[in-house]
Amino acid sequence: MIEISKRKRNLDMGIITLWIHWAMATSALAFPILLGYFMPLKWLPLIIFLEVFGLYYYIRSSSATAPRCYLIMNICGRALICSGLIMVVINLAFSTGAIHAFYDADTLNHEIPFIPTLIISPAACFFAVTASVRRSRQSFCQSCIIRFGSAAERGFIGAIYKQEGQRQSELLAWLTGIVSIFDWGYYLLCYINVNFNRADTFFLVVIPVGFYVLTLIYTALRYSGLLAYYSREAVGAARARGSITQLRFLVVHDNSIYLGPDDPEQSHPRLDTPYSLTIHYCKDIPIELVKDHFCNLAQAQDATIKYIYTSESGNLDGTIRHYIATIGNKTDIDGTLYPDGRWYTFYQLKQMINARKLAPLLRAELVRIYTTVMTWKTYDSNGKRLYKIKSYRPTFHLKQLPDWDVDFDDNRWLFIAANNEDMRFFKLRRFIKQLFFGRKI
């Protein structure tokens, strides 16, 4: 019960911080729009860059201890960087006189070189639409998956973060898109570049900021509802069940894995390992005890068990521990227990991964194992090539897994796979990751 209470607090904070991050990120967009009405616009980029520093400092410091969803903050941070740079260029063009090459001096107002909402809103819309389209393929989300696991591995809270991260991106895209169209329409049709009158203030300052305030109210109501629902339903189910640990075994013979349909009653079920066992929650389990569990589960005489990694499921009730069970002969396990099961080569598995015919958790396991091994065999711990042959690709055989001395729990190898010596701008990318997210790789 203590473990469940701890996980409940994490779940509650996970949902609450979804609203906090939305509030912080959108306020960072709205504040320069409002502040630009009261201060000289030449200083506004400085305020914006200070906001960027604050957002990324928060992401960097908080993500080290709290695996939350920071996607909306990253989107707004990128939008602010882009907006700040555009404002700097405009200010430089005015201060150096370069702007006169494009506009007549009589049509310019040096007191109002730009209107903040006309820059910030389109920039935010662009990055929000990009995030909505790319979904989990974007680099920020990939880094989160590497650090904390996929949505399938993180279970309940992972599914919430995946769902709400996408919803927040889409909401911001609609919000900033509507504001951009509305404000640019007013600017082109009604704005006179002399000064800010009451109508200009209302349409170019009050309305954009008002839209952001409305979304704060909407998201507060949404997440308070989610918090109430999940606290009641999920906690009740978890306490009835108790804290658990799930043991998952990938059964390997030669270069093949034994799989079966995850739900045989479906017309097109996905494939998954049939060997999964739920026990009372254990932080650590002796490997001999794990072997006994597998042999009893698969009716096997013998097997070589290798621990792979542990994923905090994110559910209220426990964790998932992943293992490889290597057998000498296919007959070492009782195939009659799962009559729909079959052996699949690794080549077939790669094709099914691309076709999304595997269960999400199995797909996450295979991708992690393959990526970690191939990276460990190709690069050192700093991302430098072990062999000075650029076209060299190491071999991968599942039957060799018990012999490979690589720590699958160490996500450094997954980061190196995404950024290594063979990537363009390797050192620059590494510097940016260190600066914004505190990672050396």
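Summarising the local packing, CD of Q299 is surrounded by more than 12 heavy atoms from other residues, nucleotides or ligands at distances under 6.0 Å. Heavy-atom contacts from other residues, nucleotides or ligands closer than 6.0 Å to CZ of F211 number 12 or fewer. Heavy atoms of other residues, nucleotides or ligands lying less than 6.0 angstrom from OH of Y37 number 12 at most.
Side-chain atoms of D380 come within 3.5 Å of backbone N or O of N382 as a donor-acceptor pair. Proximity of a side-chain donor or acceptor of N420 to a complementary backbone N or O of D422 within less than 3.5 Å is detected. Between the side chain of N419 and the main chain of F415, no donor-acceptor pair closer than 3.5 Å is present. A donor-acceptor distance shorter than 3.5 angstrom exists from the side chain of Q138 to the backbone of R135, with no hydrogens or angles considered. Of the possible donor and acceptor atoms, one in the side chain of W19 sits under 3.5 Å from a partner among the backbone N and O of L216. Between the side chain of R368 and the main chain of F408, a donor-acceptor pair closer than 3.5 Å is present. Put simply, the side chain of N296 never gets that close to the backbone of H293: no donor and acceptor are under 3.5 Å apart. Without hydrogens or angle criteria, D332 side chain to D302 main chain gives no donor-acceptor distance under 3.5 Å. Remark: side-chain polar atoms of H322 are not paired, donor with acceptor, to backbone N or O of Y307 under 3.5 angstrom. Using a distance-only test at 3.5 Å, with no hydrogens or angles considered, no donor-acceptor pair links the side chain of Q246 to the main chain of R321.
Looking only at side-chain heavy atoms (C-beta outward), V52 and Y56 come within less than 4.5 Å of each other. Two residues are said to be in side-chain contact when any heavy atoms from C-beta on lie closer than 4.5 Å; I432 and R429 fail this criterion. When side chains are defined from C-beta on, L297 does not count as touching L337, because their heavy atoms never get closer than 4.5 Å. Side-chain atoms of P32 and E51, non-hydrogen and from C-beta on, do get closer than 4.5 Å to each other. Residues K306 and T326 are not in side-chain contact: their nearest non-hydrogen atoms beyond the backbone lie 4.5 Å or more apart. For the pair D409 and Y309, the minimum side-chain heavy-atom distance is below 4.5 Å. In this structure, K357 and Q351 have side chains that are not in contact, with every pair of non-hydrogen atoms separated by 4.5 Å or more. When side chains are defined from C-beta on, I59 does not count as touching H21, because their heavy atoms never get closer than 4.5 Å.
Aromatic ring pairs are classed by plane angle as parallel below 30°, tilted from 30° to 60° and perpendicular above 60°; the pair F249 and F294 is tilted. In this structure, Y370 and F396 have perpendicular ring planes: the angle between them is above 60°, well past the 30° mark.
Annotation: cation-pi geometry satisfied between R430 and F426 (NZ/CZ under 6.0 angstrom from ring centroid, within 45° of ring axis).
Expressed to the nearest 0.5 Å, how far SG of C69 lies from NZ of K162 amounts to 12.5 Å. Separating the CD1 atom in I119 from the OG atom in S83 is a distance of 7.0 Å, to the nearest 0.5 Å. Going from atom CD1 of I207 over to atom CG of L214 covers 11.0 Å, rounded to the nearest 0.5 Å. Separation of atoms OG1 (T219) and CD1 (I72) is listed at 10.0 Å; rounding is to 0.5 Å. Going from atom CH2 of W376 over to atom CG of L414 covers 14.5 Å, rounded to the nearest 0.5 Å. Distance check: R270 CZ to R363 CZ gives 9.5 Å after rounding to the nearest 0.5 Å.
Of all heavy-atom pairs spanning T176 and C125, the tightest one is OG1-CA, 3.0 Å. Of all non-hydrogen atoms in L18 and Q168, the two that sit nearest each other are O-NE2, 3.0 Å. The minimum heavy-atom distance between W343 and I327, with the atom names listed, is CH2-CD1, 3.7 Å. Contact detail for T371 and A417: the closest heavy-atom pair is CG2-CB, 3.5 Å. Across all their heavy atoms, A418 and M423 have their closest contact at O-CE, 3.7 Å. Residues V373 and L401 approach most closely at CG2-CD2, 4.3 Å, considering heavy atoms.
Salt bridge R412/D407: absent, no basic N to carboxylate O contact under 4.0 Å.
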Could you please spell out the steps behind the side chain to side chain donor-acceptor pair (under 3.5 Å) verdict for S121 and T117? CA-CA 5 Å; S121 296; T117 186; 3.2 Å; yes
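In this structure, F140 has its ring center at least 6.0 angstrom away from the ring center of Y70.
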